[in-house]
Amino acid sequence: LPMKEVNGEQVVDRELAIPMIHRAFEAGVNYIDTAVGYCNQDSQRAVGEALKGWRDKIVVSTKNHYYGEDEKEWWEHLENSLKRLDVAYIDIYNHHGMRWARYEEAVEPRIGKWMRKARDQGLIRHICCSFHDDNEALKRIVDTGYVESITLQYNLLNRDLEEGIAYAHEKGLGIVVMGP
């Protein structure tokens, strides 16, 4: 999103960003993705402002980057995202930067339970992840059946994950492309 400096700090330029987002919605875009760290930690707030009057028409995606052992801290990240976005629920809630090792070490033993609980409480609708690993790891994550979609890097200059994308398609798992 376009940025500007306010009191020595970079923030999203709402005068440019919100009309740009609204124009995208008017043109038919119905999915928006953000994360805590985007735009100097101001992206979620700006997206939340842009969602006013559009929430029921837009799929909102954001991410939780926490892989630690403190359940309370994980929930604080979710609650902060809900507040910043000013929404009652998040449609697509991603584990941020998933790799196979993170799945095995953190998601499978504990964080997955917290995600399922948040979904059961209606705070999130779909458990997903953004992905940063190789084809074999992508296939393993698909095979767990845990996530409902995976956001990953793919474009004409970076086609490394085509095999894994095809595998996900065969298994009926959705892929969202970042960095097209």
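If you're wondering where the values come from, they're calculated on a predicted model, not measured in any experiment.
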Taking the side chain from [X] and the backbone from [Y], do they hold a donor-acceptor pair closer than 3.5 Å?
X	Y	result
Asp42	Val11	no
Glu148	Ile127	yes
Asn155	Gly179	yes
Arg110	Gly68	yes
Arg125	Tyr89	no
Lys171	Tyr167	no
Arg102	Glu105	no
Ser130	Gly97	yes
Arg45	Lys83	no

Point-to-point distance, once rounded to the nearest 0.5 Å, from [atom1] of [X] to [atom2] of [Y]:
X	Y	atom1	atom2	result
Asn64	Trp114	CG	CH2	9.5 Å
Leu123	Ile90	CG	CD1	8.0 Å
His22	Glu49	NE2	CD	9.5 Å
Thr62	Gln44	OG1	CD	4.0 Å

Side chains of [X] and [Y]: closer than 4.5 Å at any heavy-atom pair?
X	Y	answer
Cys128	Thr151	no
Lys139	Glu163	yes
Asp86	Lys52	yes
Arg140	Glu104	no

May I ask you to decide if the ring planes of [X] and [Y] are parallel, tilted or perpendicular, using 30° and 60° as cut-offs?
X	Y	answer
His96	Tyr38	perpendicular
Tyr93	Trp74	perpendicular
His65	His77	perpendicular

For this session: Assess the side chains of Asn94 and Ser61: does a donor N or O sit below 3.5 Å from an acceptor N or O?
Result: yes
Problem set entry | Distance-only polar pair, side chains of Asp91 and Tyr31, donor-acceptor under 3.5 Å | no
Problem set entry | Ring-face cation contact, Tyr146 with Arg116, 6.0 Å cut, 45° max | no
For this session: For a side-chain contact (heavy atoms from CB on, under 4.5 Å) with Ile150, tell me which candidate from Val176, Ile141, Ile165 qualifies.
Result: Ile141
Problem set entry | side chain to side chain contact (heavy atoms under 4.5 Å, CB included) between Val47 and Arg84, worked out | CA-CA 9 Å; Val47 167; Arg84 285 186 204 106; over 6 Å; no
Seminar exercise, completed: Residues passing the side-chain contact (heavy atoms from CB on, under 4.5 Å) test with Ala137, sequence neighbours excluded, are Trp100, Phe131, Asp133, Asp134
